[in-house]
Amino acid sequence: MKKVNEFLEAREKLSKVLLNTNLIFSSVFSQETGNNVYIKPENLQKTGSFKIRGAYNKISKLNNEEKKKGVIASSAGNHAQGVAYAAKELGIKATIVMPKTTPLIKVESTKQYGAEVILYGDVYDDAYKKAKELEKENGYIFIHPFNDEDVLFGQGTIALEILDELPLTDIILVPIGGGGLISGIAYAAKQIKPDIKIIGVEPEGAASAKKSIAENKVIELAEANTIADGTAVKKIGDINFKYIKEYVDDIITVSDYELMEAFLLLVEKHKIIAENSGILSVAALKKLNLKGKNIVSVLSGGNIDVLMISSMINKGLIRRDRIFNFSVNISDKPGELAKVSELIAKVGANVIKLEHNQFKNLARFRDVELQVTVETNGSEHIKKLIELFEKHGYEIIKLKSKII
């Protein structure tokens, strides 16, 4: 394996195209975890993610003969834009194969950089196989999104920036898809500060790195099922496996529900919008059994569809008990509905939806069911609402919250 000068050379090349993504101190995540939490906002990077780093570093190293052939890549979105942008800057033809499930914003953005886009398969691995076929047919140069040392050296420049800005960093939390980002960050960071801890974060439904490390060999998952589409990879790269095994201290997983909660906090408290795979490192913060540490969460990308933003906010509200759905039985007589409304107003909750069902069979013939959805400030607020209703003789039945 090569020395840190590979990262320094990559940083020099990338200085021409990168935006500064300075660390952001997060008071809200610091307070929730008892640590000093900083966010590395690569979602604000040119092309909307860290992927421009590895793609540009790799393509800039091609010789003139290779550049004439053109490049091809497979990607769930962010690598596609990185390759398309780098190819455009360096005057090279680019073809990108993307899964059919790729968010529209990523497809359109890739086309806008001048690349030819081919939609194929349902997950990254399908697109990869198709791209390799086209590589052989047309003589293109394949730019791998993660299983390539020049790519991971480009990604690792993030570690240099973090440690330049915060030399006392104790832990860096890094999302894992194919493993290129964490390989580069871990190797670079350990060369500069050997005692630093690098922790990878994967979605529960696509934890290929964690399984591979546990079994001490690269494992291909049967499926990759997660809302974090950018990390929906069934098998990490074999090169990345070696780096992860040697330089990564731990790998933890987070659920899709935990991603929704983290998304809401980022939007509400920091006014930052990131894609689902990008917020893995933020969602993992409360799983660390540590206090008083300087922690940097790499927010790896921000290319998310507008419709997905709405869905994630609603689901995050439910996850944080900001939306409460309940039923209560009331007497079928004038004024009862007004009494319920007054109690909700008294506790300071906001009614979003109300359904009055006179025809549901209840224990008492003269009762009707009222289903109510309210907006609250969280769990304690809900507790107060329930206590107030009970005090006035109403029994609240908590219902499964629905997306509104």
Side-chain angles (χ1 to χ4, degrees), residues 1-15 18 20-26 29 33 35-43 45 49-54 56-58 146-202 209-210 213 231 236-237 239-252 278 280-282 284-285 287-288 290 292-301:
M1 291 185 183
K2 302 178 183 180
K3 301 296 182 182
V4 74
N5 64 328
E6 286 286 344
F7 296 101
L8 296 174
E9 289 173 11
R11 182 163 70 173
E12 178 62 28
K13 286 189 178 75
L14 289 166
S15 64
L18 290 185
N20 292 327
T21 55
N22 294 329
L23 297 178
I24 299 170
F25 177 72
S26 173
F29 288 113
T33 63
N35 294 294
N36 303 311
V37 176
Y38 298 80
I39 294 167
K40 176 66 170 169
E42 284 293 289
N43 61 310
Q45 189 54 263
S49 88
F50 74 95
K51 288 285 191 177
I52 186 178
R53 296 173 182 265
Y56 191 90
N57 191 52
K58 173 67 178 180
F146 49 82
N147 200 39
D148 183 295
E149 285 200 329
D150 288 330
V151 169
L152 72 86
F153 289 141
Q155 322 297 32
T157 55
I158 290 173
L160 274 59
E161 294 171 9
I162 289 172
L163 291 174
D164 278 352
E165 194 173 353
L166 188 67
L168 296 178
T169 300
D170 297 306
I171 298 167
I172 303 177
L173 285 168
V174 189
I176 301 179
L181 176 61
I182 195 167
S183 297
I185 288 178
Y187 183 46
K190 294 282 186 175
Q191 303 310 305
I192 300 167
K193 188 178 181 182
D195 62 339
I196 195 170
K197 300 296 181 187
I198 308 298
I199 299 176
V201 190
E202 290 186 294
K210 189 174 181 68
I213 293 299
T231 49
I236 61 170
I239 293 173
N240 307 128
F241 174 73
K242 295 173 185 176
Y243 278 90
I244 291 170
K245 184 179 177 182
E246 184 167 357
Y247 297 107
V248 174
D249 297 282
D250 195 12
I251 298 173
I252 57 182
L280 284 162
S281 61
V282 177
L285 282 165
K287 292 198 165 186
L288 300 178
L290 299 165
K293 300 295 184 181
N294 293 326
I295 301 174
V296 175
S297 288
V298 177
L299 206 62
S300 59

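Every heavy atom of this structure was used, including side-chain atoms; hydrogens, water molecules and symmetry mates were not. This chain uses plain numbering: 1 for the first residue, then up along the sequence.
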>> Exactly one of Val296, Leu290, Asn35 should register a side chain to side chain contact (heavy atoms under 4.5 Å, CB included) with Ile171. Which one does?
In response: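 Only match with Ile171 under side chain to side chain contact (heavy atoms under 4.5 Å, CB included): Leu290.
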>> What I want to find out is whether Arg11 reaches Asp164 closely enough, with some N-O distance under 4.0 Å, to be called a salt bridge.
In response: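 Looking at Arg11 and Asp164, the cut-off is met.
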>> Check this for me, if you would: do Lys58 and Asp148 make a salt bridge, where the nitrogen-to-carboxylate-oxygen distance has to be below 4.0 angstrom?
In response: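 Salt bridge between Lys58 and Asp148, a charged N being under 4.0 Å from a carboxylate O: yes.
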>> The criterion is side-chain contact (heavy atoms from CB on, under 4.5 Å); which residues satisfy it with Asn36, sequence neighbours excluded?
In response: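 For Asn36, the residues satisfying side-chain contact (heavy atoms from CB on, under 4.5 Å) (neighbours in sequence not counted) are Phe25, Tyr38, Asn294.
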> Quick one: side-chain contact (heavy atoms from CB on, under 4.5 Å) partners of Lys190, sequence neighbours excluded?
Replying inline: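 Listed in chain order: Ile196, Ile198, Tyr247, Asp249.
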> Rounded to the nearest 0.5 Å, how far does CZ of Phe29 lie from OG of Ser297?
Replying inline: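 So the gap between those two atoms works out to 8.0 Å.
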Could you tell me whether a side-chain N or O of [X] sits under 3.5 Å from a main-chain N or O of [Y], the two making a donor and an acceptor?
| X | Y | value |
| --- | --- | --- |
| Asn57 | Val151 | no |
| Gln155 | Gly54 | yes |
| Glu165 | Leu23 | yes |

> What are the two closest heavy atoms between Leu173 and Leu285, and how far apart are they?
Replying inline: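 Shortest heavy-atom contact: CD1-CD2, 3.5 Å.
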>> If you compare all heavy atoms of Ile251 against all heavy atoms of Glu202, which two are closest, and at what distance to 0.1 Å?
In response: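 Here Ile251 and Glu202 meet closest at CG2-OE1, 3.7 Å.
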>> Please check if the number of heavy atoms outside Lys193 that lie under 6.0 Å from its NZ is greater than 12.
In response: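 Counting neighbours around NZ of Lys193, more than 12 heavy atoms of other residues, nucleotides or ligands fall under 6.0 Å, so yes.
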>> One pair to check against side chain to side chain contact (heavy atoms under 4.5 Å, CB included): Glu161 and Lys40. What are the steps and the verdict?
In response: CA-CA 9 Å; Glu161 294 171 9; Lys40 176 66 170 169; 2.7 Å; yes
>> Could you go through Leu181 and Ser300, starting from their C-alpha distance and side-chain angles, then the distance that decides it, and tell me whether this counts as side chain to side chain contact (heavy atoms under 4.5 Å, CB included)?
In response: CA-CA 9 Å; Leu181 176 61; Ser300 59; 4.0 Å; yes
> Can you check whether Lys13 reaches Phe153 side chain to side chain, under 4.5 Å on heavy atoms?
Replying inline: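 Answer no - side chains too far apart.
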> Can you name the residues that form a side chain to side chain donor-acceptor pair (under 3.5 Å) with Thr157, not counting sequence neighbours?
Replying inline: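 Counting only residues at least two positions away or on another chain, Thr157 forms a side chain to side chain donor-acceptor pair (under 3.5 Å) with Arg53.
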>> Let's go through Glu246 and Phe241 carefully: what are the C-alpha distance in whole Å and the side-chain angles of both, what is the deciding distance for side chain to side chain contact (heavy atoms under 4.5 Å, CB included) to 0.1 Å, and is it a yes or a no?
In response: CA-CA 9 Å; Glu246 184 167 357; Phe241 174 73; over 6 Å; no
